Amino acid sequence: MKVKSYFFRCVQYVFLVTAFVLAVFPFYWMVVGTTNSAVDIIKGKITFGDQLIPNLKKLFADYDVGRIFWNSCKVSILTLIGQLLISSMAAYGFEFFASKARERVYRAVLLTMMVPFAALMIPLFRLIVRFHLLDTHTGLILTSLASVFLIFFFRQSYKSFPKEIIQAARVDGAGEFRIFWSIVAPAMKATYAAAAIYSFMTSWNNYMWPLIVLQSNNQKTMQLFVSSLASAYFPEYGVVMNAILISTLPMIVIFFSLQNYFVRGITGSVKQ
Amino acid sequence: MKRLLSLVLVGLLCVSILGTVGIAAEKKGKLTIWAWDPNFNIPVMAEAKARYQKLNPKVEIEIVEMAKADVEQRLNTVLASGAREGLPDIVLIEDYNAQKYLQAYPGAFVDLTKAINFKEFAAYKTELMTLNRKIYGVPFDSGVSALFYRRDILAEAGYKPEDLYNITWDQLIEIGKKVKAKTGKALLGFDPADGGLIRIMMQSTGEWYFDEQGNPKIVNNEAIREAFKIYKKLMDSGIIKQTSGWNEWVASFNNGDSAAVITGCWIIGSIKAEKSQSGLWGVAPTPRLNLKNSVNYSNLGGSSWYITARSRNRQVAEDFMKTTFAADRDFYQKILVGQGALGSYLPAQDGPAFTEPDPFFGGQKVFADLAAWMREIPPVNYGLFTYEADSALMAVMPDYIAGRIDLDTALQRAAVQLENQIAF
């Protein structure tokens, strides 16, 4: 019996270690890459080198990395705030206001998730041109303010919110805004955190739409920058790796700081 | 009174003519340029910009840097949307894709046939941007191909540089066998899933995947048949180090595992990156196919500049391209030294940078040689679907190499696949 459990534990650990290596190796390789020259990276060197400073110097000398990073942060954070506000309020409406058309409208909204972005791209582009929002961050943020997935996500977690509390609040004379702000939203912290991670991640990694909307060097985001660095007859991989590392940092920070909320938000936040 | 009036009028006319001349001489406006490659096209364009702005300080030029796929994606979206906004004035397009843009978006690019003297550019470069006898671009970098080899390894196997000139692929394979036997090194790093060598072999005969009408020409294409046989021979001969993907392939010669590379001249940057191999390299012309029309000169890759017809500053854009890429010989020396960019502007090619011996290549005048070979590249119309044809052929290559299907079956299958893919 004891031998058997020992054996299972071994298998378990071997599996976990393999999974760990598979998950962490690309990240390790990126970090190692920041310290090596392009030739060494191509040759497959996987130990730390001494090129970190030259790579960083080249990156910061040739490009306004600070500005590009700030562009990405600005777009992602504004999109995040907008998406959370609009989606959570929309979901509140869908969940707590009864009406005949409600489910039909909701289904229509969900259906729009089925339309692939490629089909929307050209009409959306024409729209942006008409609004004179080409090459502006406003054009980028405005078009991504409504997130159908987040509306769905918020509504699902509102379903577990006790209706009695809302009814009680209404009886006590609280307006809907007040109920939303002071009662529902504060109880949903974990849901907001999970939605925030999702929202930040998608807009930070968003590629196609910023590519089409943002036209000048001053406006571009980290993802566009990284991809332009690597498109070359002779790519400077060491420099590229540094840029990639910088572009992953905010994701890591956000994820680790909201990690606990995230898990709770996904598994359901309010207990009845 | 009449006389006075006519005098005044004539005077006014003179002033207005002088005025327009004065305005015409002083260019102003803003040019936006889209390009890729931070170590090549971008600094080259930056050099052109600096030179032009010295003459025309009022012209503002923004070079927008993005990945090649992104340039294509963005160009497609904006052209397809029909919007007037959002296009650059000048855009870099890869040569293999040029016809796709010219034919898919008629009138989108400026016809430069009369504006530029195209006789001064390598003939094969103008051919690929010609549509209905009109020429639409300004030729830029050449991907003239060559056999880059390690002098030390080939000497060890008993070969002199002359032995590599004017040879066929079959002769090269024999050389490779001797190199392998004497030194244990592979002759080439070779990725059987990469169709680049097929394109080199094909262009050396002046053929392409398509006939003059643009219809696929696969099964009865002698150049492709020959190229397929060479691929199989290379795999069977044991003289190659099989690689997968770009990085492994570059590593095969950076590591010193293989004795030679056959590809476009833009590989020089990657070869020179391995500084420990300085002085050990040499360059010879590309091997040719065992066909009558095949020559020892070919090309792989390269790209060119195009001016968009909707540009608000079209005249300035034309003038910019004319005074830099189509006139400035000194500019071409500068970018050759700085970026190793080999332009296809012929008058620049007897300049000092071209005739400079390169110590990395054992003192060989590499660029003078490459420039001479560039003039001999057979012109080819790349048609609309180079990459589609390439992937159709590469899809059947593994089965053909493994001997599971014969050449005819393989090419027929590829032809069917290509037809299906490009049928509208």
Side-chain angles (χ1 to χ4, degrees), chain A residues 33 37-45 58-59 62-64 68 117-118 120-136 139 207-221 223-240 243, chain B residues 32 34-43 62-71 73-74 76-88 141 143 246-257 264-277 301-303 339-341:
Chain A
S37 67
V39 183
D40 284 336
I41 293 172
I42 282 179
K43 286 199 212 161
K45 187 176 170 205
K58 189 162 166 39
L59 180 67
D62 291 357
Y63 301 96
D64 192 353
I68 299 170
F117 182 71
L120 297 175
M121 203 163 63
I122 289 175
L124 214 51
F125 177 78
R126 295 188 64 150
L127 203 71
I128 289 294
V129 171
R130 283 278 174 84
F131 285 169
H132 299 291
L133 290 176
L134 198 61
D135 200 26
T136 62
Y207 188 81
M208 188 69 96
W209 185 233
L211 169 70
I212 307 292
V213 176
L214 304 179
Q215 303 260 335
S216 59
N217 286 331
N218 283 341
Q219 300 289 74
K220 71 169 138 186
T221 58
Q223 309 304 330
L224 299 179
F225 170 58
V226 167
S227 112
S228 74
L229 270 185
S231 181
Y233 281 138
F234 176 62
E236 289 278 359
Y237 284 117
V239 178
V240 178
Chain B
T32 306
W34 290 358
W36 64 88
D37 200 333
N39 309 319
F40 196 84
N41 302 315
I42 300 291
E62 183 179 17
I63 305 166
V64 185
E65 180 179 341
M66 53 189 131
K68 186 182 123 223
D70 295 350
V71 172
Q73 172 73 48
R74 211 189 258 187
N76 268 325
T77 311
V78 183
L79 286 174
S81 80
R84 281 192 73 88
E85 318 289 319
L87 272 184
D141 77 307
W246 169 268
N247 290 354
E248 256 187 49
W249 178 68
V250 173
S252 77
F253 54 83
N254 277 165
N255 278 331
D257 295 337
C265 63
W266 34 259
I267 199 66
I268 289 175
S270 296
I271 293 178
K272 282 188 167 181
E274 183 53 61
K275 296 194 175 65
S276 66
Q277 294 173 359
S303 44
Q339 281 73 42

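These numbers come from the heavy atoms of this one structure, side chains and all, not from hydrogens, waters or symmetry mates. All of these numbers come straight from a predicted model, not from anything done at the bench. We name chains A, B, ... by the order of the sequence lines, and we start the count at 1 in each one.
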Exercise for the section: Pull out the residues in residues 124-133 of chain A that come under 4.5 Å of chain B, heavy atom to heavy atom, sorted by number. Expected result: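 Listed by number: A:Phe125, A:Arg126, A:Val129.
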
Handout entry: Separation between CD of B:Glu65 and CG of A:Leu224, rounded to the nearest 0.5 Å
Key =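 Nearest 0.5 Å value for the CD-CG distance: 11.5 Å.
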
Problem - Value rounded to 0.5 Å, distance of OG1 in B:Thr77 from CD1 in A:Ile212 - result: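 Separation between the atoms: 3.5 Å.
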
Give every donor-acceptor pair under 3.5 Å between a side-chain atom in residues 226-236 of chain A and any protein atom, sequence neighbours left out.
unit_1, atom_1, unit_2, atom_2, d
A:Ser227, OG, A:Tyr207, OH, 2.7
A:Ser227, OG, B:Asp70, OD2, 2.9
A:Ser228, OG, A:Phe225, O, 2.9
A:Ser231, OG, B:Lys68, N, 2.9
A:Tyr233, OH, B:Asp141, OD2, 2.7

Give me the atom names and distance for the closest heavy-atom approach of [X] to [Y].
X: A:Leu211; Y: B:Gln73; value: CD2-CG, 3.8 Å
X: B:Glu62; Y: A:Asn217; value: OE2-N, 3.1 Å
X: B:Glu85; Y: A:Leu134; value: CB-CD2, 3.7 Å

Problem - B:Val78, part contacting chain A, at a heavy-atom distance under 4.5 Å - result: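 Both parts, heavy atoms under 4.5 Å.
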
Problem - Contacting moiety of B:Ile42, where chain A heavy atoms sit under 4.5 Å - result: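 Answer is neither: B:Ile42 stays 4.5 Å or more from chain A.
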
Exercise for the section: Check whether any side-chain heavy atom of A:Lys43 lies under 4.5 Å from a side-chain heavy atom of B:Glu274, and answer yes or no. Expected result: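 Yes. Closest side-chain heavy atoms under 4.5 Å.
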
Exercise for the section: Output all residues satisfying salt bridge (charged side-chain N to carboxylate O under 4.0 Å, His left out) with A:Asp64, sequence neighbours left out; order by chain, then residue number. Expected result: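 Counting only residues at least two positions away or on another chain, A:Asp64 forms no salt bridge (charged side-chain N to carboxylate O under 4.0 Å, His left out).
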
Handout entry: Option in B:Gly82, B:Gly340, B:Ser270, B:Gly301 with maximal non-hydrogen atom pairs under 4.5 Å from chain A
Key =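 Winner by heavy-atom pair count: B:Ser270.
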
Exercise for the section: Count the heavy-atom pairs under 4.5 Å between each of B:Thr32, B:Ile63, B:Val71, B:Asn41 and chain A, then report the option with the highest count. Expected result: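 Highest number of pairs under 4.5 Å: B:Ile63.
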
Problem - With sequence neighbours excluded, residues passing side chain to side chain donor-acceptor pair (under 3.5 Å) with B:Asn247 - result: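 Listed in chain order: A:Tyr237.
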
